[in-house]
Amino acid sequence: MVGTALIYQKDFLASTNRAKVVEDIQYRFFDLIVVGGGITGAGIALDATARGLKTLLVEKKDFASGTSSKSTKLIHGGLRYLKQFDFQLVKETGTERATVHKLAPHLVVPEKMLLPIVKGGTYGKWASSLGLKVYDLLAGVSKSDARKMLSAEETFEKEPLLDQSDLLGGGYYAEYRTDDARLTIEVIKRAVKLGAVAVNYLEVKDFLYKDNLVAGIKCIDHQSEKEFAIHSKSVVSATGPWVDKLRAINKSLNGKRLHLTKGVHLVVEKEKLPVQQSLYFDVPDGRMIFAIPRGNKTYFGTTDTDYKEDIDNVSCDKKDADYLINAVNETLPSVDIKVEDIESTWAGLRPLIHSEGKSASELSRKDEIFESPNGLISIAGGKLTGYRKMSERVVDLVLEKLSIENKECTTDKIDLCDKSFGDFEEVLNYKEQLATKLGDFERSAVIADKFVHLYGYDCDNIVNRYEAIKSEKSDIEEALLEAELEHCLSTEMIQTPLDFFERRSGKLFFDIQSVTKNKDFVLNKMKECLSWNTEVANRYKSELEEAIKLATKFV
Ligand code: FAD
């Protein structure tokens with residue numbers, strides 16, 4: 001038996017230690033097994049561990065490979081839910097924005113949103129003004145951040161891409177942007193730091209039962225293809241779009257069901273859609289879409305269409321792309337995006353709760369907990385933004401079921417990184433320091449900006465590695481990439497090049513050129529580090545090439 005004594009808790013997420021961790025958990029008995037390594041599962045694992053439960057989180061692919069890397073990447077209250085009179089949801093998610101920002105100021109970044117008010121649009125002038133006021137009030141937004149109503153001229157000045165002849169005014173209000181996959185991995189890292197175990201590529205195939213109650217999981221390790229069981233006192237399924245699949249395996253798929261809707265986003269060079277700040281605007285068919293600047297790119301979306309196809313293979317098709325491109329081109333007269341301008345795309349599924357007679361966009365985004373008679377607890381619905389409160393409700397229930405005294409939830413005070421920023425000002429200062437530290441080359445400020453928003457103070461670790469490598473390299477950016485890769489290998493359990501390119505560094509979506517340029521380098525480096533044979537390396541090479549195709553070509 002490989003005991004945990006052989007691995008320090010801090011090294012539990014080292015990519016090279018994964019096999020040992022997998023062996024170890026087979027001999028342990030957990031209080032709680034969380035199935036699903038998206039933001040919901042991550043949040044539950046953190047909260048449960050902080051409240052003293054011995055917790056294991058298992059994820060069938062990579063952490064955040066489901067919906068939690070495919071969102072609009074906003075930490076927002078959801079202005080449009082006011083239209084559905086979902087005040088409770090708006091209040092909770094609106095309030096959570098500031099909390100999650102405080103926990104990771106480099107990753108949940110303040111972002112002003114411009115809501116243009118146009119003739120015949122979704123929101124009239126007075127409704128917008130009142131709606132945004134209520135939005136701020138529900139969320140307890142500070143006076144300095146309160147919404148401002150703008151005249152047509154002021155709105156056009158803020159965003160000259162808008163159709164001036166159509167403009168009645170605008171609302172300018174506070175939101176936050178994030179990187180969903182990185183938020184998920186940081187929550188997981190924090191849970192592991194506090195004592196949880198988290199393993200990717202471990203799929204739950206069935207449950208163990210004792211006296212007709214769920215008592216663990218039967219799973220398969222996709223890295224070794226070995227099957228085994230793990231025992232626990234309780235199991236929570238936080239499997240997002242897969243919740244009903246697990247409920248069916250548990251023979252408890254009764255009553256309410258999921259209603260999956262697909263949402264896609266497209267990425268272009270910033271010069272193709274040079275928005276001055278984030279924009280939330282009406283499109284001709286009455287829907288609303290976002291355009292969000294991120295570094296030298298802009299992404300826009302999202303769609304909201306019923307989805308009944310394969311939930312393990314969701315992609316952006318030509319129809320989705322045409323819809324969004326037309327919507328943007330028709331609304332912003334000087335913009336002329338062509339399908340060839342799309343550099344990358346992603347598509348994800350919203351695991352919403354079905355409500356008879358309601359269309360995709362009318363369905364509530366509220367979360368819901370299902371308890372099966374044999375003890376499986378499932379959670380679905382909700383938003384990335386509300387993950388902490390959703391987790392709190394689930395952990396409260398787990399403690400109640402286990403008859404354990406309910407310790408107070410403290411995740412609002414647990415910073416998400418080892419070394420955390422006091423406030424956003426400190427993030428900005430650190431960016432400058434990092435750019436100086438990286439040296440005087442053309443893109444040092446751009447790279448510092450990207451790195452700090454992805455890795456926070458962990459950039460120190462990346463830069464130390466870079467310092468050690470750079471003398472052997474002629475290409476500075478390759479040395480930085482190698483340092484970034486080494487960091488992810490040592491602390492973030494990446495198992496494939498795609499884990500690195502998509503979920504840890506975000507390059508698949510926001511720097512596709514770097515993926516095509518460096519894919520062989522990353523593959524070879526990982527092959528060496530993780531001792532892959534040629535067959536395994538070829539498999540991961542094909543997987544990466546397939547993902548590049550999926551992100552760049554429409555079916
Ligand atoms: P997921 O992230 O899907 O995680 C479930 C995980 O379970 C998956 O990783 C899956 O692989 C794993 N799993 C499944 N079956 C098994 C098994 N048998 N064994 C082990 N693991 C398994 N919210 C916001 O707050 N802001 C936004 O801007 C926003 N935009 C959105 C835009 C779109 C297009 C969509 C689709 C959603 C958006 N959301 C947004 C909602 C938000 O993204 C989701 O609510 C959230 O990511 C769901 O997280 P989850 O952990 O519940 O599900």
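One-based numbering, in listed order, for ligands and for the atoms of each.
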>> I need the contact residues for ligand 1: any residue with a non-hydrogen atom closer than 4.0 Å to the ligand, ordered by chain then number.
In response: Val35, Gly36, Gly37, Gly38, Ile39, Thr40, Val58, Glu59, Lys60, Ser65, Gly66, Thr67, Ser68, Lys70, Ser71, Thr72, Lys73, Leu74, His76, Leu202, Glu203, Val204, Ala238, Thr239, Gly240, Pro241, Trp242, Leu246, Gly263, His265, Thr302, Gly348, Leu349, Arg350, Gly382, Lys383, Leu384, Thr385
>> Under the ring pair (Phe, Tyr, Trp, His ring centres under 6.0 Å) definition, can you give me all pairs with a residue in residues 222-250, not counting sequence neighbours?
In response: none
> With a distance cut-off below 6.0 Å to the six-membered ring centre and an angular limit of 45° from the axis, does Arg294 pair with Phe510 as a cation-pi contact?
Replying inline: yes
>> Checking side-chain polar atoms at under 3.5 Å, does His265 have a donor or acceptor matched by the opposite partner on Thr72?
In response: yes
> Mind checking what makes salt bridge (charged side-chain N to carboxylate O under 4.0 Å, His left out) contact with Glu492, not counting sequence neighbours?
Replying inline: Arg182, Lys189, Arg504
> Of all residues at least two apart in sequence or in a different chain, which pass the salt bridge (charged side-chain N to carboxylate O under 4.0 Å, His left out) check with Lys73?
Replying inline: Asp180
>> Given the ring of Phe63, does Arg18 sit roughly above its face, with NZ or CZ under 6.0 Å from the centre of the six-membered ring and within 45° of the axis?
In response: no
